[in-house]
Structures are given as C-alpha cells and as structure tokens.
Amino acid sequence: MKFSYRWLAELVPALTADAIEVGRQITMKTAECEGVETHAAHLDDCCVARVLEVEPIPGSPNVKTLTDTGRYGVRTVVCGAPNCRPGLLTAYWPLGKKTIAGIESDGMLCAGDELGVNRHHDLIVEFEAVEPGQPLPGLVPDAVIEIDNKSLTHRPDLWGHVGMAREVAAHFGIALHYPADLSVLPQGPPLVHVSIENLDLCPRFSAVMFENVKVGPSPLWLQYRLQAAGINPINNIVDITTWVMAELPQPLHAFDADRVVGQRLIARAAKDGETMTALNGETYQLDPSMIVVAGTDQVLGIAGIMGGQASMIHDGSTRIIFEAANWHPASVRRTSVKLKLRTDASMRFEKALDPENTIRGLARAIQLMRLCCPGAKLVGGLADIYRPLIAPDPIDLPLDWLAAKLGTTIDAETAAGILLSLGFGVAVHPGRLVVTVPSWRATKDVSVKEDLVEEVGRMIGYGSIAPQPPLMAVTPAQPNLLRKFQNSTRRTLVDLGFDEVHNYSFVSDAEAHRFGFPLERHLRVRNPISEDQALLRVSLIPKLHLNIEENRKHLETFRLFEIGQEIHPRSGELPDEIPHLAAAVFARDDGAAGLAELKRAASALMPGVEFQQASDPRVFEHPARIANVSWQDRRIGRLFEFHPSFVEQGRAAALDIDLRLLQETAAAVEKRYSPVGRFPSSSFDLAVVVPPRTSAGDVARELPGAEFREDFHLPDGRRSLLFRVTLSAPSRTLTGDEIANARKAAIDRLRSKGYDLRD
C-alpha cells in the first residue's frame, strides 16, 4: 500500500516531520513501513514556460521553438508534440543541451509521463492563468511511504490516507483535518432509486446523481496525486472514485445514468446463468452465491469488485450516478476467489469497511466534482438505504489493570489523550476510563479492553517500557519420564545403525484384514481424511511393513524403527494407548543375520533378555522363525521374520516390544556398579548335541553366563550348539581344579536335562 507524504501532510496541516521520520513513526507505532522513496524530485527544477515562436524543421516531425522560461530565460527547445503552438503555457525542464535534427535544444517541454503526472506521452501538458518561471501549479516533489499490506489486514481504516493521517496526527500530537463535509449532501427526494434484497450481505446502499456532466481529463494536480499513490488516472469521473477510495477508504462506482433503466439500482444475489462483461473486457459467469448491483433489466456490476461495460462512463456521458455501498466482507472474498478477480476495491471490502463511510464517500465525491467538473449539477436528494447501525457497547478500562498489562504506570489524562487522538470517545471516571469505539474501528478490530491496551501501549512506545522479570514463582517442570525413556530407546537404536520412521496412526480396513486384526478390535474414525485412514491402529506392524515395501524398491539392505502408540478400545472409557517399539531389518539374504541383529538390539535394551520359541504364528509371521521376548520373567514382545508372502525379493525380520512393560520392568531392575575385574578369567567351550527343533535359548538357560557361538548341523539331522562359558573371581585367579569342577557341573546339568555333548 502506497501513501503520498504530501497527501498525508494536507490531512495533517501542522505536520513538520519529514517523510523519513513519518515512516519511522509508522513502523514503531502502527504498521510495518517497507521504505520511503522520493517521487518526482525533478519537479523542483521545472517551471512554467510560454512558447513564443514555433518553426518547422525540414525533414523532421519535430519543431523548433523559442520558449520563455522566465526562471531560465528564453531558450531554444526542440519539441515533437502536436499540440505545441505559440502562446501555449506548458512545463519546462532544464535537462541541458542536446542536438536534435541538427538543432541544439536546450532542455525539454514535458508531457505528463515525463513529469510523473500520468502515463500520457504524445502531448505536452497545458496550463492556464500562470506566468513563465512560476512553479508548476499543484506539482511539487513528493515522497511515497510504502506499507506492508499484511500489517494492515486487521485495520480496514488504514487502507486509505485519512486513516493513516489519523495515526500520524496521533504520533506527533497534532490535529487531523477531515476532508469529507457531510453538509454538502443533497436534501429532498432522490432521483436515484436504490433497494437491497438482503441486508446481511449489503448493510448499506447509497447514491447521488449529477447532470450536465462533461467527461474529460482530471486536473493535473489530481492526476499527479493519484500517480504518486500508485493509481493510474483515467478521466475526471473515474479519478474521483479512485481518489475517494484511496483517501477515506470507500470504494465508489460511477454509472452512466442514461444506461441505467429508470435510474434504479438493486443490490441482490445473482441468478443462475447470469453473465456480465466487466470493465476489463472479460465476461464472467455468475451464480446465486454472488452479490451484484443490477438494474431492472441486467447486471451492472459485481458487488465490491468491478463494474460492467453496459453502464460504464464514456466520453459522451452527461448524467452519472455515484454509488457507494457496504458489502459483506466474506461474500466479496468468496466471489473474488471464485471469479479469480481481485481489485483495489475488493481488497478493501474484504477487510470489513465502516458502513458509515458510504455517505462520507459520496460527500467527498460531491466536493471533488466541484473541482474536476465545475459545470456539473447535483440533482435530487441522497438515496440511502441501510440497516440501523447498532453502536458497540462502551468498554470499561480500569487504569490499574491497564498498568499491570503494560508493565508501567500511566495516568488517566495520558491514556485518555491517546485514545481521543485515535478517534475514540473517552469518559474519565475515578480509577477507570469508559471508552466508546468509533465506527471505523468497530468492524472486527476493537471490541474488548485488551484491544485498548495495544492502542495505548503502541502510542506511548513499547521501547519506553522498562523490561521487568515476571513477578511469579518459577518452578522447574516435572520431568517427563516416558519421553526420557523413549528418547533413550531411540538413541540406543540409532547407535546400532537404525533409522527412525514416523507413520500415521491410521490403517485401512484392507490392511487390518490382511494382517489378521479383527475389525471390531479397532476404533473407527467418524470423519476419516481418506478411506485408507478409517481405523486407529492396534499394531505398528502394518505401517512398518509398508515402510519395508517402499524402501526395498531402492535399497539392498536397511534398518528401520518406529516408536508409536497402539490404540485399543475400552468399554465406557477413553482408548488405551500403549507405546510400542517396532524395528525391522531387511536384506536380500537368508534372513538369519536380520534376526541376529534384532536379538542384539533387544539385548542392548534389555540385558539378559530371553527368547522362547513360539508356536502360535500369525498370518504375517514365518511359522518357523518366531519367538516370544521375555525379560525378568515378563513376556514383553515378539521377534519374528515376515512370512515370505509378505516380503518379496528378500527377507525382513521384525521386533515388536511393549514399551510400557519395558519401562516398568527397567524401573524395577536393581542396577549395581561392578568394577572391572583385576584378575584373569578362564573359559571353556561346550558343544551340545540337540534335536533339530531345540531352541538355543532353552539350552542357554542351563548355562548361566554362557555365550552362544555357533550352530552346526550334524549328518544324522541333529544340531550341535557351541557355547563358551567364561569364569572369573573378583579377588583371585581361579585354580585349575575350580575350573574343572565348574565344567563338570555344567556337563552334569546338561546331561540331566537329556542333552548329549560332543568331544
């Protein structure tokens, strides 16, 4: 959003601060200023000049002029504008000498685009009732203050120069000059007939009518001011509407009254199948969700966005209607998005403008018509239909509460003065203020006392408030033991080379059925995002399997794990959410290494963990490669290999651990420090012959402290399991007899269980 410094200065006549300081104050107290740029600085060097003589240049479309510049004397200037003629008062810019068509030209006679007034280049500007050497009337260097639109979103009043000027006046403690004079509004019955079908979508609809209108260029000062604000001048009537929008900020629309049947305007919903060709030349398909301005026979404009060509102002228009309305912001936004049509008007209406602004905008348009179209005649009274406006309730603002919120003491006079300067009504009572919110701040902006704290705080300056530590007891947060335990588990697995994955806690009916989990054991989502996320998972395995399937397409081997919740329904209670660890190892081999790696991971998490052969395979488990995981005599999880039908072109082993049980068990395990042994240890190997389906874990339970080393298949079908037993004493070296006795005791124990030993 661009703001003209000169425009602001006219609205705040006592302003003496330069544009840079104004921009700084705006940034500190109102909105984010993105920069201040000088506009048309060269106008200080320009002046009025009179063309004295014009002489054609043979072979050139240009002419040679003798020009009286007053300030710079009589100069020879070459000009190519067709309106260059003797006696013309125009603008001279002393750019220096340059040879054009063989003639030395000293300076230039300026067109509108060269002065920064408009975009016209073919004709040089023309003045009346001025003398050579005088400054260009109404054209002085300006500065453009650019404000970030996002910082104005909650302040519809700041989308016009008046709103920003009110802020600037408050910043510097000076008065605002309000430009709209409501006394100029016409009295009596209107000649324009307006009506509203839905007051919720159009709370106010106002219009006035002019006759004896002559459409033409706006005065140069007006064109220049609009150009500085980033608006392209069109003609005097359209420029008035854009001026009012940029100033108040109330968008207006001008209709050619002779193209409006019966001078009747209706605010209504569009009908199915209606179309309108807009001012931009595009034809838009309308529907009943959109609000339009219509005549008795056709749509004349898309409410709050753009007018139509059927009633547009043209060079021959002699009667016009100025219309000002207040539209529902959400309706304008929806229509703008649906039609992919966003305009300066729609951006303002989307912010919820003040309904009182419609008549202010028309009053300002009447004032500008006297300057831009002096012969025009205002006919009939003001047409104005509106829903009675309900004033917001006054806000009670306790001064001690205000001081506590701001962190600094502020007296009633200072607080009241700030609010009054911003346009609020204030009644001072002992220990409190009663604040009335003005209409331009009551539209989704200020409604509670907390809003007033911001108003006072930003104007006194947050930098002036000494920072203080909070006056409250600060106690350390209670440690989250579950999170600490799970993070420790994560670190262990990451150290073992596993990568963590995160999955959604949802599965589809098909996934639950494939993995053999009954649907009735799941909680069903009432409004699932998609059909494949209809159930809350009771196991982490289905999604871990999906991770395996996706990664095996790209990798030969990988290790994954997830820590998440199993969610089990409970009758009459909230679901039971059980934290679980699911880990997997994939490789394109026979799968033995994967199971061994997961056993190693389990041992790192649970020293002394045991694995018992299981005989109840699930549909997704390999029937011969499954084991229950136990620790401290509690069954705590499952180790298995996926069934070959679930994993193609490789083997995948998985470990599923109940972390709640693991945490409870770990907390109960007594941890003692054992110093590193000072004396040498001794070891011996035992090769135990067992039947083919015997678990190495069953044998290991008979050999406390033994390490399983090798599994060897014998010719007769049996297996030889090799264990290494290591012995030591904390205070001495064991004797040979002690080692021999220990070995004999181990052999006797194994044989008592029916196991044979190999020599």
Side-chain angles (χ1 to χ4, degrees), residues 1-3 147 149 152-153 155-164 180 194 196 201-208 225-226 229-235 237-256 265 267-268 270 276-282 284 286 290-294 299-313 320-365 368 440 443-444:
M1 181 77 181
K2 293 182 177 181
F3 291 88
I147 306 297
N149 284 359
L152 302 178
T153 298
R155 291 289 303 274
D157 61 308
L158 295 185
W159 284 72
H161 280 73
V162 166
M164 191 59 74
V194 298
I196 303 172
L201 297 177
C202 179
R204 192 162 196 169
F205 199 35
S206 313
V208 294
R225 184 63 55 79
L226 291 179
I231 301 170
N232 185 32
I234 305 297
N235 59 51
I237 305 303
V238 175
D239 292 351
I240 287 172
T241 66
T242 52
W243 179 287
V244 173
M245 178 182 67
E247 187 174 64
L248 290 183
Q250 173 63 46
L252 302 184
H253 188 70
F255 297 92
D256 185 321
L265 298 175
R268 63 168 174 82
M276 189 200 78
T277 301
L279 294 175
N280 62 3
E282 298 289 333
Y284 294 95
L286 309 176
M290 303 173 183
I291 307 303
V292 298
V293 177
V299 175
L300 303 177
I302 304 169
I305 301 177
M306 186 175 286
Q309 288 190 353
S311 58
M312 66 183 291
I313 300 298
I320 65 166
I321 297 170
F322 281 123
E323 166 262 312
N326 185 263
W327 306 104
H328 190 282
S331 174
V332 173
R333 175 65 176 167
R334 284 194 298 267
T335 302
S336 176
V337 170
K338 185 175 290 189
L339 297 179
K340 297 181 175 61
L341 179 62
R342 202 148 191 246
T343 62
D344 288 336
S346 70
M347 285 192 291
R348 287 164 172 80
F349 280 119
E350 289 171 13
K351 309 300 183 292
L353 294 179
D354 178 9
E356 296 280 4
N357 247 12
T358 63
I359 58 172
R360 298 183 189 127
L362 292 177
R364 187 64 174 136
L368 292 170
W440 59 86
T443 57
K444 301 182 179 180

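No experiment lies behind these values; they were computed from the predicted model shown. Side chains are part of it too, since the values below use all heavy atoms of this structure and drop only hydrogens, waters and symmetry mates. Counting begins at 1 with the first residue of the sequence.
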Any [X] side-chain heavy atom under 4.5 Å of [Y] side chain:
X    : Y    : answer
N280 : L341 : yes
R333 : R342 : yes
M290 : L339 : yes
E356 : W440 : no

Identify the heavy atoms of [X] and [Y] that sit nearest to each other, and give their distance.
X    : Y    : answer
V292 : A270 : CG1-CB, 3.9 Å
L226 : D239 : CD1-CB, 3.8 Å
W327 : I291 : CZ3-CG2, 3.6 Å
A207 : I321 : CB-CG2, 4.1 Å
P156 : A352 : CG-O, 3.3 Å
A267 : F205 : N-CE2, 4.0 Å

For the [atom1] atom of [X] and the [atom2] atom of [Y], what is their distance to the nearest 0.5 Å?
X    : Y    : atom1 : atom2 : result
T343 : M306 : OG1   : CE    : 6.0 Å
S331 : E350 : OG    : CD    : 10.5 Å
L252 : E323 : CG    : CD    : 8.0 Å
L265 : I196 : CG    : CD1   : 11.0 Å
D157 : R348 : CG    : CZ    : 12.0 Å
N149 : L158 : CG    : CG    : 11.5 Å

Is it the case that the side chain of S311 and the backbone of D256 share a donor-acceptor pair, with hydrogens and angles ignored and the cut-off at 3.5 Å? no
I would like to know whether N326 and L353 meet side chain to side chain contact (heavy atoms under 4.5 Å, CB included); could you show each step before the answer? CA-CA 7 Å; N326 185 263; L353 294 179; 4.0 Å; yes
Candidate pair Q250 and T358, rule side chain to side chain contact (heavy atoms under 4.5 Å, CB included), full reasoning: CA-CA 7 Å; Q250 173 63 46; T358 63; 4.2 Å; yes
Which residues satisfy the salt bridge (Lys or Arg N to Asp or Glu O under 4.0 Å) test with D354, sequence neighbours excluded? R360
Determine, stepwise, if the pair T335 / V332 fulfils side chain to side chain contact (heavy atoms under 4.5 Å, CB included). CA-CA 5 Å; T335 302; V332 173; 5.9 Å; no
Stepwise, does the side chain to side chain contact (heavy atoms under 4.5 Å, CB included) test hold for I305 with F349? CA-CA 9 Å; I305 301 177; F349 280 119; over 6 Å; no
With E247, the side-chain hydrogen bond (donor to acceptor under 3.5 Å, both in side chains) member among R364, H161, R225: R364
